[in-house]
Amino acid sequence: MSIPIPGIKDISKLKFFYGFKYLWNPTVHDKIFDKLDITKTYKNPKKLKVLDLYPGVGVQSAMFYNRYSPQQYSMMERRSSLYKFLQANFKDSPLQILKRDPYDWSTYLHLIDEERLFVPEVQPSDRINDSFLTVANVTGEGSEGLIMQWLSCIGNKNWLYRFGKMKMLLWMPSTTARKLLARPSMRSRSKCSVVREAFTDTKLIAISDRDELKGFDSKCLEEWDPIVFSAADIWPTKGKPIALVEMDPTDFDFDVENWDYVTRHLMILKRTPLNIVMDSLGHGGQLYFNSRITDKELLKKCPIDLTNDEFIYITKLFTEWPFKPDILMDFVDINQTEHSG
Amino acid sequence: MLRPVYKSVVKTSILQRRLISSKGSKLYKPSPDSTSTILIKDDPLVAASSSSSSSSSGIINSSDFPLFNKSNKNTTNNLSYQWKNTSNMEFDPFNKSHASAVTSMTRTRDVMQLWSLLEACLQSNLLKRAFSILESLYLIPEHKQRFIEDYNMYLDSFSKNEPNFPIIKMNEKLTNDLETSFKDVNYNDKTLAIMIHHALNFHPTASSMLLSPTISAYLKMSVNGVRDILSNLDILTISDLSILVNDLKIISLSQLPTSVKPILESLAPSSTPVNNIENENGSNKMEAEKDSNIDQKLELGRDSTKTPSLDPLREASLDVSVGVLPKDAEKLVAVDTIGMRVIRHTLLGLSLNSQQREQISKFKFDANENVLNMKPTQNGEDNDPPINFFEIYNSLPTLEEKRAFESALNLFNQDRQKVLENRATEAARERWKHDFEEAKARGDISIEKNLNAKLWKWYNDMLPLIKEEISHCKSLLSEKPVNKRALNKVDTNRLGYGPYLTLIDPGKMCVITILELLKLNSTGGVIEGMRTARAVISVGKAIEMEFRSEQVLKSESQTFRDVNKKSPEFKKLVQNAKSVFRSSQIEQSKILWPQTIRAKIGSVLISMLIHVAKVSVQGIDPITKAKVHGEAPAFSHGYQYHNGSKLGVLKIHKTLIRQLNGERLIASVQPQLLPMLVEPKPWVNWRSGGYHYTQSSLLRTKDSPEQVAYLKAASENGDIDRVYDGLNVLGDTPWTVNRKVFDVVSQVWNNGEGFLDIPSSQDEMVLPPAPPRNSDPSILRTWKLQVKTIANKFSSDRSNRCDTNYKLEIARAFLGEKLYFPHNLDFRGRAYPLSPHFNHLGNDMSRGLLIFWHGKKLGSSGLKWLKIHLSNLFGFDKICLEDRIAFTESHLKDIKDSAENPLTGDRWWTTADKPWQALATCFELNEVLKMDNPEEFVSHQPVHQDGTCNGLQHYAALGGDVEGATQVNLVPNDKPQDVYAHVAKLVQKRLEIAAEKGDENAEILKDKITRKVVKQTVMTNVYGVTYVGATFQIAKQLSPIFDDRKESLDFSKYLTKHVFGAIRELFHSAHLIQDWLGESAKRISKSIRLDVDEKSFKNGNKPDFMSSVIWTTPLGLPIVQPYREESKKQVETNLQTVFISDPFAVNPVNARRQKTGLPPNFIHSLDASHMLLSAAECGKQGLDFASVHDSYWTHASDVDTMNVVLRDQFIKLHEVDLVMRLREEFTQRYKSYVKIGKLKRATDLAQKIINIRKDLSKKLGRNTTLADEIYFEKKRQQLLNSPLPEDRSIGEKMITTVSLFQDVKDLDALELENGGDENSGMSVLLPLRLPEIPPKGDFDVTVLKDSQYFFS
DNA sequence: ATATTATCTACCGACAATATCAGTACATAGTCG
DNA sequence: ACTCTATGTACTGATATAAGTAATAGATAATAC
């Protein structure tokens, strides 16, 4: 007994999407599912619990369920117009609709620890968790920060990543995908690319605009061979293209706090060679690192050219620096308010 | 909740534009077909306007300043706002209001940049380069009229640079330049003055006869008369004039400028001119021959700086007793330099006790050595200045002696002030050197420990770098302008800042850079450092300031260099002449360095300092855990993020920070901006007043050329003389530091613990332990926030302590001194002291530390007011005077205890609202009470009289609102009204009514309304606080009552509605006026001036609105609201790019801010007027007067007098209907402005307009736009104003969509208010109309005369 | 002509985001007729 | 000698940056359809 999929006619009646975009075309979805072939990871889908964040109109959710019939499929959607839509379409389906805010950390504590409505299985981190999948759509232009915070949760092994290496299927603006997936020396290479490289194994699965592909690394594209669909397949049609990535956490072992400080500061002057840029790490950085980094070739490189391994190496030197600055005090206080009657 | 997209998609509306970063160095190439020129020629409007401005010989363009063309019929009323049509303004880049064409503004920027570059090149003697800049300037058409001044600058430099160039050659050059290079330019009288000066100096020994004909010829060529030539004192020196008058006898004394006439007169009969000329280096022999005790060598500028200040001979001669004249001439010179003996002589002639006598005999009255008490003391307890002038002054028994003392002190202070403003950097350097050498003697460790010694090291390391850079720049600049391609990037940059960098002594630049950076420690919210942007600009500005005062000093000593000796009387003459001279010099320097240049200069210097400044540091090797010693840069450039935006920061090393915390920082206060030792230079025009050598502007303009233009026009018109009068009274009030309070503060400070407002000094911050990494994100976040809060508190405490440190150090330096605060105005006309950190506008502590220098006997009413004052300071200021006196009298024991044991006793004074001022008052009261006859007590304590909600007082007077006037004590009453309590009562009533109707919120809140809850909201209501803002304020007050933050906020929201309702009800008429002001501002800022550039129409129908709200205060001060959209751009510097606003950008107004700003600004402009009027009057009546906006201060004995003045002036101010007057002014000023509005389609008029549009559309071959309509109306106006009758008649016949409205009587019937429901309206240009004034009530302001609680 | 969406949020003194990249306008040098 | 073009550079405007929406959330002016 499969769940009926909402059609574009119904979807297009909806007015408010809060800047998010959803792929509604079932054909494309099918292609994507074929490509993903998640059964490789989830050998027994009957054991699988899926958490769907910002499911929107629920097309993907329903199709997923129809295809794999997981043990539990929970949709977390709080935005009223979309929630109403989900209620109207899936009230009596096996899909669980939760009117909660995926943005709020406490949502998960309540859901998992207190109410125990959705309890994933904790699995050791030697493999991808094979009974827990998160699907999310964070295509809103202003919500990129949420993705970045989720990423850093991988590094902290908290939030949903306390249950092990959880796979995530994540819709995002294609510009975000481009930044995340940028390799060393590419124009879009930035701190978040390094974060992605450090904590995850991420693939581009699908994208809504062929032109966008030129911002990605061509070698990687060959390997990923993403599905390209049309802007007409998403709703609302207007706006910037979106992309779907598959994100698997990986193993890592380094001092995250110091690494965070080092990458953040170096990537500000990402086109300045290491032998010069090190001064921005603290008083006398240039002198120290120039004496510690023995590989002269490395010194000639710029931060934008560095792999994460190289950042880890620099971080190690940084932590060994007797005069290293206090990385906790790395912020400014813009708003001093005084005055009163 | 998920954040909605739109909140962060577009982060800012700032019109980001980048600077033309190296435009400063780019010269105009004489290519006549640059696009902009063509554009202008083709534009009939611009062409017309420029031709009209030149033909009318620079009389101000009527469209720029509509009021100028209005005849001045209302002159009988002395509050008339109309300006006389007498101004005669030539082209000046500032003198263009914003709305003139954009093209002219961009050229304005070019002119400014070229000017400052020209000036810089001339200073560095890069004459060829300067000449090519002249060529570029010559090509700017609007600049032609002023061009000769620039050429004169050049010629003057040329003359100085080539002293051996024969006058004939010089003449050839001049002729050649003006006939070939600059054909359209004519010489003026200054040019002639330069030639004369050159002639006189080229032939210093030549026979007079030879020179005479040449000079006579020049004099005959005069444009505006010989007098005009001779008034160029910046060119012609005293000795020049002397030769002309006494030797050549070509001119007579009467033709000289009045300021120097007396000097020449006294030189004439006896003096031998030969001496004057020979005497350049100061002849010692001459000195020795003089045998009068009093005759002094008058040493000036250049010479005095040469004098080594650590002269052993001078040390030796210190104890020479008065009256004994050493025969050794050299010794005499050393002793004599600054006229100390005169002063000492005078002082010792007064009645002094033996101790004072000894102090004075020992004290060196040498300005260079005893500027201020800035020497660090090892022992914090030792606050004694070497000599306490205040105590001596006070101890003198008679008025005559006091006068004599003050006059001698003044003579000494004149010199000290000069040193203070000019030699402070050198003084700092000397101190460093001294400390270094002392430390060196003690060993290397001491050098590291002693801050000054370290600074000296930095200084020495930095100096060669700067010198090298300067020589790079010089060689680059002196080369022939090579093509840019051959240059690398560094050199291209050098080309930009080089001319400026070479202007100032490298040593001075080092000192300035170091001091600035130390000063900026923990500013801008940076934990241990500062923002780079701030740092580079501050350094750049400081360098420029140094350059400016050097300039003034240099030209002063140039002109007066030959006047080397004479009696003290003569010295006074010279001093007067010099001060007149300085005024005119400062006034003339119109050139400012572009902000970009400042930033670049600053960054160059700072990066050098970063490079050399090192501190030795300690660290722990993370692996071996061993202590490691090393050396690290003291400063480090990096970045920090805030909300995803980068912020450049300059971090200071922890080691240095720790050292700074325990240091006395007086040295890094910008010495030019300390309080003054002598009376400030009186304000006589808009850029001359205040400090003697440092330029300051009358108005703190916000980089708005528009504000400057209006101010300048008013100033030149003599419209704001009464503003000057008031301001000068404020500046002339002498103060001194309250020694007793200072001792208490100092004790608390050295103790290091927190006390009242002073935070304790901490070295490390204590942070909560970090939670495990894998804690829930929410937990991690809370921890991060905690850390942030603690760190911010820490850093704000630190900067607070730093600020207090500055205040204290300044106070310490001025212990026993007589000091003055020069003032200027903010753009609304409110007065502020120029000196930052320590002044009477500061916090309670600063105020408590200041007392009047002059003392006055309490007399019959003084004691009463002193008691009232104390009560006020304790917060009991809304009870009747008798009760306040009773309050003080009931605490006599406490007062005694507080005064005698301020820290060891009960500390009653610390419970006051304003504890430090209360303490000061306790000290005085305690002394008074000891006296048998209190009336004889000499009081120095300023007593405050504060207006009760001054803003509302003005509103009530404006609206004639009886109810409101009663509430704010405009109506006589035996008890003062407490507005806040009254509002609270009203709110309470409202709540009770609501509660009865079953409103739960009201029920809960109804008993919790106190005066305090509503106070801030009532106060800020005048400033136009919004509903949201007020809610926050009330929530703050309510927060102790409710536990839940959310709950508290909800109740606050509810309560705010009622508070607003109550205020609106109570001050109904005030609100009507507020609304009227707001609406008028909105309409004005949404209106279009006709001759606006069509290009400001983006799509033909949507213009950029350019009109800001402008009005004139009752004192004649024009006020321009500077609120416009910001346009900032990135500027490349050595360290990073910085983001700064382009002062020449022409931006559309910010209508919202114009609207919300007008009500408070208008009211403030009135209270400022009231203050200045009162100040002037109090000055006239001989009172010492000070003000903090709406709080007026004077001696206790004079309070009654002052109160009468305050009331009289308030009445005088409000006798005129100011709102009506404002509306009339608006109507005049914005007469021909139009707005875009809706017209009912179903009218004749609409039909006519449609027809015109149809015709026009046919002609143009496209749809018409509003821009087209404006263009034609503009054309019509031009024709109407044309001097040619035929033009005028064409204009009269012309019909435009706007002209149709001329005959319309009842516009209201035609215009569609925004309630237009169907599409019956069409967009048209309507004449701008202002809303009707709300009706005025019956309150008669003259009843105020008897209201004793008006100010109390 | 309405509906969505960005922008405030009490005045003044007062104090500020930056690195990099793509595209274009402009200048220079060199070449050629 | 002069013009034209290729070439490189300087200038401008756009975009990304970090990563809980600053402590907060409703009116209102501006803009888009």
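Proteins get letters first, then strands, A, B, ... in listed order; numbering begins at 1 in each. Below, each value reflects all heavy atoms present in this structure, side chains not excepted, and no hydrogens, waters or symmetry copies.
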Participant: Can you tell me how far C1' of dA19(C) sits from OH of Y639(B), to the nearest Å?
Facilitator: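 Result: 7 Å.
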Participant: Among all residues two or more places apart in sequence or in another chain, which pass the salt bridge (Lys or Arg N to Asp or Glu O under 4.0 Å) test with K270(A)?
Facilitator: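 In terms of salt bridge (Lys or Arg N to Asp or Glu O under 4.0 Å), with neighbours along the sequence ignored, K270(A) is linked to no residue.
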Participant: Classify the nucleic acid contact of K238(A) as base, sugar-phosphate or nothing, counting any heavy atom under 4.0 Å across all strands shown.
Facilitator: nothing
Participant: Which is true for L151(A) with a 4.0 Å heavy-atom rule: it touches a base, it touches only sugar-phosphate, or it touches nothing?
Facilitator: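 The answer is nothing, as L151(A) stays clear of every strand by at least 4.0 Å.
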Participant: Mind checking what makes salt bridge (Lys or Arg N to Asp or Glu O under 4.0 Å) contact with D1167(B), not counting sequence neighbours?
Facilitator: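 With neighbours one apart ignored, the set is R830(B).
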Participant: Would you indicate what R271(A) reaches in the nucleic acid, counting non-hydrogen atoms under 4.0 angstrom: base, sugar-phosphate, or nothing?
Facilitator: sugar-phosphate
Participant: Within this structure, what is the CE-to-C1' distance between M1019(B) and dC11(C), rounded to whole angstrom?
Facilitator: 11 Å
Participant: So what does K270(A) touch, heavy atoms closer than 4.0 Å: a base, only the sugar-phosphate, or nothing?
Facilitator: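 Sugar-phosphate contact only.
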Participant: How long is the line joining CE of M267(A) and C1' of dA16(D), in whole Å?
Facilitator: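 Roughly 11 Å, once rounded to whole Å.
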Participant: Taking dT24(D) as the reference, what is the distance to dA14(C) when you measure between their C1' atoms (whole Å, please)?
Facilitator: 25 Å
Participant: In whole angstrom, give the distance that lies between atom CD of E212(A) and atom C1' of dT15(D).
Facilitator: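 It is 13 Å, rounded to the nearest whole Å.
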Participant: With a non-hydrogen cut-off below 4.0 angstrom, is Y1123(B) in contact with a base, only sugar-phosphate, or nothing?
Facilitator: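 Sugar-phosphate: the residue Y1123(B), judged by heavy atoms under 4.0 Å, touches backbone atoms but no base.
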Participant: Applying the Watson-Crick and G-U wobble criteria at under 3.5 Å, what pairs with dG20(D)? Answer none if nothing qualifies.
Facilitator: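 Across all strands, not a single nucleotide pairs with dG20(D).
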Participant: Can you find an N or O donor on one side and an acceptor on the other, under 3.5 Å apart, linking the side chain of E1126(B) with the base of dA16(C)?
Facilitator: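 Side chain to base: no pair below 3.5 Å.
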Participant: Just how far, in rounded Å, is P of dA19(D) from NZ of K179(A)?
Facilitator: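 It is 13 Å, rounded to the nearest whole Å.
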Participant: Please report the distance separating the P of dA22(D) from the corresponding atom of dT9(C), rounded so that it comes out in whole Å.
Facilitator: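 That atom pair is separated by 15 Å.
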Participant: Is the aromatic ring of W105(A) within stacking range of dG20(D), meaning centres under 5.5 angstrom and planes under 30 degrees?
Facilitator: yes
Participant: Between G1157(B) and L269(A), which is nearer to the 5' end of DNA chain C once each is assigned its nearest nucleotide?
Facilitator: G1157(B)
Participant: Would you call the rings of H823(B) and H840(B) parallel, tilted or perpendicular, where under 30° means parallel and over 60° means perpendicular?
Facilitator: tilted
Participant: Going by centres under 5.5 angstrom and planes under 30 degrees, do the aromatic ring of Y832(B) and the base ring of dG13(C) stack?
Facilitator: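 Base of dG13(C): not stacked against Y832(B).
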Participant: If you find the nucleotide of DNA chain C closest to L1135(B) and the one closest to T1026(B), which residue's nucleotide is nearer the 5' end?
Facilitator: T1026(B)
Participant: Does K646(B) have a side-chain nitrogen or oxygen under 4.0 Å from the phosphate oxygens OP1 or OP2 of dA18(D)?
Facilitator: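 No.
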Participant: Once you round it to whole Å, what is the distance between P of dC12(C) and CZ of R700(B)?
Facilitator: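 Those two atoms, CZ and P, are 14 Å apart.
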Participant: Check the distance between dC11(C)'s P and N1021(B)'s CG and give it to me in whole angstrom.
Facilitator: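 Distance check: N1021(B) CG to dC11(C) P gives 13 Å.
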Participant: Quick one: the dot-bracket string of DNA chain C, using Watson-Crick and G-U wobble pairs with both distances under 3.5 Å, [ ] for crossing pairs and | for bases paired to another strand.
Facilitator: .||||||||.......||||||||||||||...
Participant: Looking at every strand, decide which applies to V1138(B) at a 4.0 Å heavy-atom threshold: base, sugar-phosphate, or nothing.
Facilitator: sugar-phosphate
Participant: P atom, dT15(D) versus dA32(D): distance in rounded Å?
Facilitator: 16 Å
Participant: Would you please indicate if the ring centroids of H265(A) and Y641(B) are separated by under 6.0 Å?
Facilitator: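 Ring centroids of H265(A) and Y641(B) are no less than 6.0 Å from each other.
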Participant: Would you classify Q1136(B) as touching base, sugar-phosphate or nothing, given that sugar-phosphate means primed atoms plus P, OP1 and OP2, and contacts are heavy atoms under 4.0 Å?
Facilitator: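 Since only primed, P, OP1 and OP2 atoms lie under 4.0 Å of Q1136(B), the category is sugar-phosphate.
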